[in-house]
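All residue numbers refer to positions in the sequence shown, counting from 1. Just so you know, ligand 1 is whichever comes first in the structure, and atom 1 is the first atom listed for that ligand.
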Amino acid sequence: MDLNDSPKRGVKRKYAGDRHKLMGSDRSAPTRALGPATNAQGLSIAHDGTSETEDDGRKTNDEYYKNLYATEPDFSVLGTRDPDFAALLERDSHLDFTDPAAVMQLTKTLLKLDFGLQIELPADRLCPPVPNRHNYILWLKDLLDSSSPDLDVYADADANHPSGEIEPEDCRQVAGLDIGTGASVIYPLLGCVQRSSWSFIGTDVDSRSLSYARQNVTLNNLQSRIRIIGTRKTTDPLIPIGEHDIEALDFVMVNPPFYESEAELLELGRQKSRPPSSACTGAPVEMVCRGGEVGFVRRMVEESLVLREKVQWYTSMLGKQSSLEVLVDILRDHGITNYAVTAFVQGNKTRRWALGWSFGNRRPSLSSSRGFEPLGGKKLLPHPTETTVALWPLLKKKREQLERTICDTMESLDLASWTWDGRSSRGVGFVCGNVWSRAYRRKKARAQMDTDPTTSETTENHPSSLQLISPKQDIRQCPFGFSITLQISRNAMNIEDKIAVVARWLQGHDYTLFESFTGMLRNSARPEKA
Ligand code: SAH
């Protein structure tokens, strides 16, 4: 049988999704589709930093941004491309990081050359290091893409839409909130340039920052996609859902004030044996808040416990791993297991951490949820969402055999939905409970005997669990969703040599279901069976 032609394993179709969010009047403004690696004005930014029109030289957007700071920027090259930067370079292309003007120019130059953005910054407010802020946006993209509720995996179970492949970036309208957006409004700017379907609300409590933030939005002509809202420090909620026409959000992000007091800020500065590596132009309102970053994020957790699924991902950057540890404990105390942690590293310099949590049932990728190896072990990490259940040398016919084994196994189970896409060697399934357990299979066999007129066994009352398996189930509510992918890897000679069966936990709150499912899969994909 040619699996690609099998009607049950049909063809891919894009599911438009049905979630509608309202962010006030700005949301109704048409969002202009920008091409890959385009700046806010719609010009694409070539890798060498020169602008091209959108139709020439389309680059793959996400790849371009992902690799942008894989190596540290070369200051002598930046100097040749930006005279304002060249003017601040010292001998041997050295930049004096203790000079606030030089640090500010580096930020402006990177934003201009790499993103096509312009900003004006006051001298007495924080000057954001671009690679670090960019890392947060890259992580959010991974987190949101890999847990999108709008993917076609959610197509009707009986409408025969398979696959669940990650869609191109622009298909999903995403609305985010940046708490404490600062004078630079850097996160909304970076997010809007990279994703034409994203829009932002940026809040702040500092009137000086707010006025610069509004100016910077206008400077980049992004008024239709970024709203700046002033809030009050202690009396307003951090996440103002229900106010300002905000009904729901895809994510919340924040780079919170790290320190508990000005004294802590000064003390930590003094403790450093070396002088600070960069001039810090932050004002106390930016750097200090009650309870420091843990206090700030704890407040977010409390608000999230009320708002729950009105926001898909609540996230924060953190300055210390110890804060991450405290906050993960707080999440676990509240029974929140769907969370993600990562670390942002620039070269071998400053390390920052990030935490995200969700009340939704979509599970994020392994790379976004367990993105680093914490000092002190893995106990901080959430459950893994991906596992390789089998790995073999790629022999002739192995792929077809495996496809058949996987599909036969899945089709023999009472799944609410199962679709296989032969082109991507990927299947997606949803199920209403553990239908592969021995107990369930025994009950099912008994029920079949009862309904078989050729047997004369007495009828028992069967538990209702047998009735929950119906193809009409709303798969969004299924307690377990998964994908199974056949991945072929290449050896050092670039020859395909291994094939792996990889299971991904897509949906649900119960890790034991994923664990037992992968156990069953491992067993059925054993070499003698496959
Ligand atoms: N997002 C910017 C600025 C971060 S500094 C960046 O990453 O560079 C922290 C910001 O949070 C400051 O602008 C400060 O004014 C703001 N802030 C402090 N308390 C706040 C609160 N309760 N609500 C909103 N913003 C707050």
Side-chain angles (χ1 to χ4, degrees), residues 100 103-104 106-108 110-111 115 117 119-140 176-192 200-217 226-241 243-244 246 249 251-262 265 278-304 314-319 323 344 346 350 352-354:
V103 174
M104 191 185 290
L106 175 61
T107 289
K108 286 183 172 184
L110 291 177
L111 288 176
F115 300 90
L117 289 163
I119 59 165
E120 287 305 326
L121 288 175
D124 55 354
R125 290 292 181 272
L126 202 66
C127 174
V130 178
N132 164 271
R133 302 306 193 262
H134 180 52
N135 274 343
Y136 196 159
I137 297 289
L138 290 179
W139 175 63
L140 274 178
L177 166 68
D178 177 25
I179 306 173
T181 198
S184 64
V185 69
I186 187 148
Y187 289 128
L189 293 181
L190 291 177
C192 283
F200 278 84
I201 291 163
T203 62
D204 213 294
V205 292
D206 173 31
S207 58
R208 185 159 167 75
S209 289
L210 283 164
S211 107
Y212 271 86
R214 291 196 175 98
Q215 212 178 302
N216 284 324
V217 170
I226 304 174
R227 267 169 88 189
I228 302 296
I229 296 174
T231 53
R232 283 163 302 186
K233 195 162 188 163
T234 46
T235 48
D236 283 340
L238 294 172
I239 308 167
I241 286 190
E243 298 169 28
H244 312 285
I246 310 166
L249 293 162
F251 68 88
V252 169
M253 70 188 306
V254 64
N255 175 10
F258 285 167
Y259 304 104
E260 289 192 43
S261 63
E262 282 186 55
L265 173 62
S278 171
C280 176
T281 44
V285 65
E286 298 173 291
M287 313 293 284
V288 176
C289 75
R290 188 144 40 101
E293 59 185 9
V294 169
F296 201 97
V297 181
R298 194 195 293 268
R299 234 179 112 185
M300 276 174 74
V301 173
E302 277 157 18
E303 291 187 22
S304 79
Y314 300 87
T315 73
S316 175
M317 181 147 87
L318 297 163
S323 305
F344 303 141
Q346 290 80 50
T350 317
R352 299 271 182 248
W353 291 263

* To do: Identify, by atom number and element, the atoms of ligand 1 in contact range of T181, meaning under 4.0 Å from any of its heavy atoms.
  => 1 (N), 2 (C)
* Structure fact -> So the atoms of ligand 1 within less than 4.0 Å of a heavy atom of V205 turn out to be 15 (O), 17 (N), 18 (C), 19 (N), 20 (C), 21 (C), 22 (N), 23 (N), 24 (C), 25 (N), 26 (C)
* Do the side chains of N216 and I186 get nearer than 4.5 Å, heavy atoms only? -> no
* To do: State, to 0.1 Å, how close P122 and R208 come at their nearest heavy-atom pair, and which atoms those are.
  => CB-NH2, 3.4 Å
* Asked: Does any N/O atom on S184 come nearer than 3.5 Å to any N/O atom on ligand 1?
  -> no
* Asked: Just distances here: any N/O of S209 and N/O of ligand 1 closer than 3.5 Å?
  -> no
* **Residue among L177, I179, T231 satisfying side-chain contact (heavy atoms from CB on, under 4.5 Å) with L238** => I179
* To do: Answer yes or no: is there a side-chain heavy-atom contact under 4.5 Å between M317 and W139?
  => no
* Asked: For the side chain of T203 and the backbone of G230, is there at least one donor-acceptor N/O pair under 3.5 Å apart?
  -> no
* Check each atom of ligand 1 against the heavy atoms of K233 and keep those under 4.0 Å away; list them by number with element. => 22 (N)
* Asked: Got an N/O contact under 3.5 Å between D204 and ligand 1?
  -> yes
* Structure fact -> Of R290, R133, M317, the one whose closest heavy atom lies nearest atom 6 (C) of ligand 1 is R133
* To do: Find out whether R125 and D206 are in side-chain contact, i.e. whether some heavy atom of one side chain is under 4.5 Å from a heavy atom of the other.
  => yes
* Any nitrogen or oxygen of G180, main chain or side chain, under 3.5 Å from a nitrogen or oxygen of ligand 1? -> yes
* **Beyond-backbone contact of F296 with P257, side-chain heavy atoms, under 4.5 angstrom** => yes
* Going by the atom numbers of ligand 1, which of them fall below 4.0 Å from some non-hydrogen atom of D206? -> 15 (O)
* **Sub-4.0 Å atoms of ligand 1 with respect to non-hydrogen atoms of G182** => 3 (C), 13 (O)
* Check each atom of ligand 1 against the heavy atoms of I179 and keep those under 4.0 Å away; list them by number with element. => 24 (C)
